[in-house]
Number of protein chains: 2
Amino acid sequence: MPDQPKVIVCDQLLMDYFGTLLDEFTPPAFWNSSDPMARLHEIGSEVRVLITYGGNPRLPALVSALPKLGAVLVSGAGYEGIDFDMLRARGIVCANNGPGNSEDVADLALGMALAARREIIAGDRFVRDGSWTVTGGITKSFCSMRAGIVGYGYIGKAIGRRLDGFGMDSAWWAPRPQPAESRCRAETLLDLAKSSDLLFIACPGGEATRRLIDRHIIEAVGPDGLIVTVARGSVIDEDELIKALRDGRLGGAGLDVFEQEPTPAARWTGVPNVVLSPHRGGVTDAARLRTIELTRQNIRRFLAGEDLFDRLI
Amino acid sequence: MPDQPKVIVCDQLLMDYFGTLLDEFTPPAFWNSSDPMARLHEIGSEVRVLITYGGNPRLPALVSALPKLGAVLVSGAGYEGIDFDMLRARGIVCANNGPGNSEDVADLALGMALAARREIIAGDRFVRDGSWTVTGGITKSFCSMRAGIVGYGYIGKAIGRRLDGFGMDSAWWAPRPQPAESRCRAETLLDLAKSSDLLFIACPGGEATRRLIDRHIIEAVGPDGLIVTVARGSVIDEDELIKALRDGRLGGAGLDVFEQEPTPAARWTGVPNVVLSPHRGGVTDAARLRTIELTRQNIRRFLAGEDLFDRLI
């Protein structure tokens, strides 16, 4: 570890996630020191790359403390908390982690959808409590559903490939068309919701998508439909989702992300047909290694004067 | 309903499953009469087709009571309880329901595999009990696994197509090669187990496959591996599976079928990393309609003198 590092990781939790593989960049236990921000002013004069979460509230303070900062690398896919104008004003470029964890996030999306539709959690309970099956034991078919994908980046496309394997019809919607894409793009989000009984939410968070999934979209998916989200909690009107599940206006849901995280447990008591997951779609052993590798590549590229992969600005 | 039906369904439970769509063949409430077997001798003289489960212990008695019986149609995929020699001796043909529920069984197989690997049931509990994530919250990646499929009929192939969508490498093994198949067939079952960390069991039950998945196969899948079965309980040495899960010699399991059904709940207390399902892989609304439609087609074909679809003998 050089005395004046060129790269720094934004806090101890993210340091732990990256583990020893990025220790060479940030002094070990730096963030556990008594006043790390004061220490940052001492050791930060040569820092050119900052690695951070998309939703890090301390980002402006960190950027201010690093006079030579040229690149902000977001460790995950989400970048909803990044103030691009602030970075642009300093001439700082920014990239997210692109496909670092998108395959694993898509896996969990399918897993929650299957668990909800085929009642896998209740089935496990029925075996364990000795009740075996409820009346008839029949569940609704999964692969007979028609799916829609909201947001069509790395994660949305990874979900789409999986749906193809299940033989499901699917379409997608995002604000911008993708001309080279063979999967059908719906004219509007509402059109997509109306023609889908399984709606996956995989778009970015932030102001542009706040409460994009409102009561109208939820009701268009309908009483036999299922909404699964691996996006950000801000994208769904969660109060309306809960009401619709309680009233039977929406058939079921799977959520890996919440308006507030951790979500208050009491909020979900008695809400039927919902599979809950503690925001760990992208948190796997393989995703961690891929994220570290892509971060290393972008560090190397930036320090060598090359363009970043998955640059946002 | 004619006084002397040409087609009969083997019991009330299966009648209920087929519902009114097959009522025209068997007198309504027939099986609820005080002595249905005696009644069968009165009304069974013209019966040419019997619809039954694969594991129906009363099949010999039913066949004896039906002098003109020419075809036995198995309502599901499994035919492990059918005495083919007995049928052959009477010149009776037999078919199972081929692809009636194979897509739905494959869906549940993937659902159990994802639930086990990504700890979806525990994740749901963590949100509901307020503990959110355990240490790190990290799970093992699903799509990074290498999969093997034991048995390569309708269900095995449907599992394979789904794995392709996840971008997973996979191979299969069954006693007979399938020359036109592009997916790789392992030389032996043990080779397949050694090269797989996710092993799907989707072969027929019966004597030929009894305890095919023994301690050696289980240990070859290993401490980081996962076994998911949608076959029959007889195919796995369940005691050895439980021991291996307890000892950590096998990483995890998903079971929709058991040696004894319902399986005693106490048998699974404290067995780690196992997802249990009350044998309902093929029990969905869509599978029911497809099963009824395929059964209707085979009834029509047999009565018209045509060959049956998915004929077993």
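Note that the structure is predicted; figures quoted are calculated from it, not measured. Residue numbers start from 1 in every chain, and the chains themselves are labelled A, B, ... in the order their sequence lines are given, proteins ahead of strands.
- Per-residue counts of heavy-atom pairs under 4.5 Å with chain A were compared for B/L163, B/T269, B/T263, B/T139; the largest is that of B/T139.
- If you measure heavy-atom distances from B/A287 to chain A, you find no contacts under 4.5 Å at all.
- For a residue to count as touching a neighbouring chain, one of its non-hydrogen atoms must lie under 4.5 Å from one of that chain's; by this rule B/L255 does not touch chain A.
- With hydrogens and angles ignored, the 3.5 Å screen pairs a side-chain donor or acceptor of B/D107 with a backbone N or O of A/C143.
- Contacts of A/L110 with chain B are made by both backbone and side-chain atoms, with heavy-atom separations under 4.5 Å.
- Taking chain B as the reference chain and counting heavy-atom pairs below 4.5 Å, the highest number among A/G165, A/A106, A/S277, A/A115 is found for A/G165.
- Taken from CZ in A/R162 to CE in B/M168, the straight-line distance is 9.5 Å, to the nearest 0.5 Å.
- B/L114 CG to A/L108 CG: the interatomic distance, rounded to the nearest 0.5 Å, is 8.0 Å.
- For B/L276, the parts lying under 4.5 angstrom from a heavy atom of chain A are both the backbone and the side chain.
- With chain B as the partner, the residue from A/G281, A/G160, A/P264, A/A266 showing the most heavy-atom pairs under 4.5 Å is A/G281.
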Evaluate side chain to side chain contact (heavy atoms under 4.5 Å, CB included) for A/V274 paired with B/R128, printing each intermediate quantity in order. CA-CA 11 Å; A/V274 59; B/R128 291 177 190 280; 3.7 Å; yes
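- Listed for the B/R118 side chain is a donor-acceptor partner under 3.5 Å among the backbone atoms of A/R280.
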Quick one, A/S141 with B/D104, criterion side chain to side chain donor-acceptor pair (under 3.5 Å). Give me CA distance, side-chain angles, the key distance, then yes/no. CA-CA 6 Å; A/S141 175; B/D104 292 278; 2.7 Å; yes
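- Top candidate by heavy-atom pairs under 4.5 Å with chain A, chosen from B/L13, B/D164, B/V127, is B/V127.
- Using a 4.5 Å heavy-atom cutoff, the side chains of A/K140 and B/T284 are not in contact.
- In this structure, the portion of B/S144 lying under 4.5 Å from any heavy atom of chain A is its side chain and not its backbone.
- Considering only heavy-atom pairs separated by less than 4.5 Å from chain A, the leading option among B/G130, B/G167, B/A265 is B/A265.
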Take A/E103 and B/F166 through the side chain to side chain contact (heavy atoms under 4.5 Å, CB included) test and state the conclusion after the steps. CA-CA 8 Å; A/E103 297 293 322; B/F166 283 83; over 6 Å; no
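- For A/D124 (side chain) and B/V275 (main-chain N/O), no donor-acceptor pair under 3.5 Å exists by modelled atom type.
- Heavy-atom pairs under 4.5 Å with chain A were tallied for B/R125, B/E261, B/M112, B/R117; the largest tally goes to B/E261.
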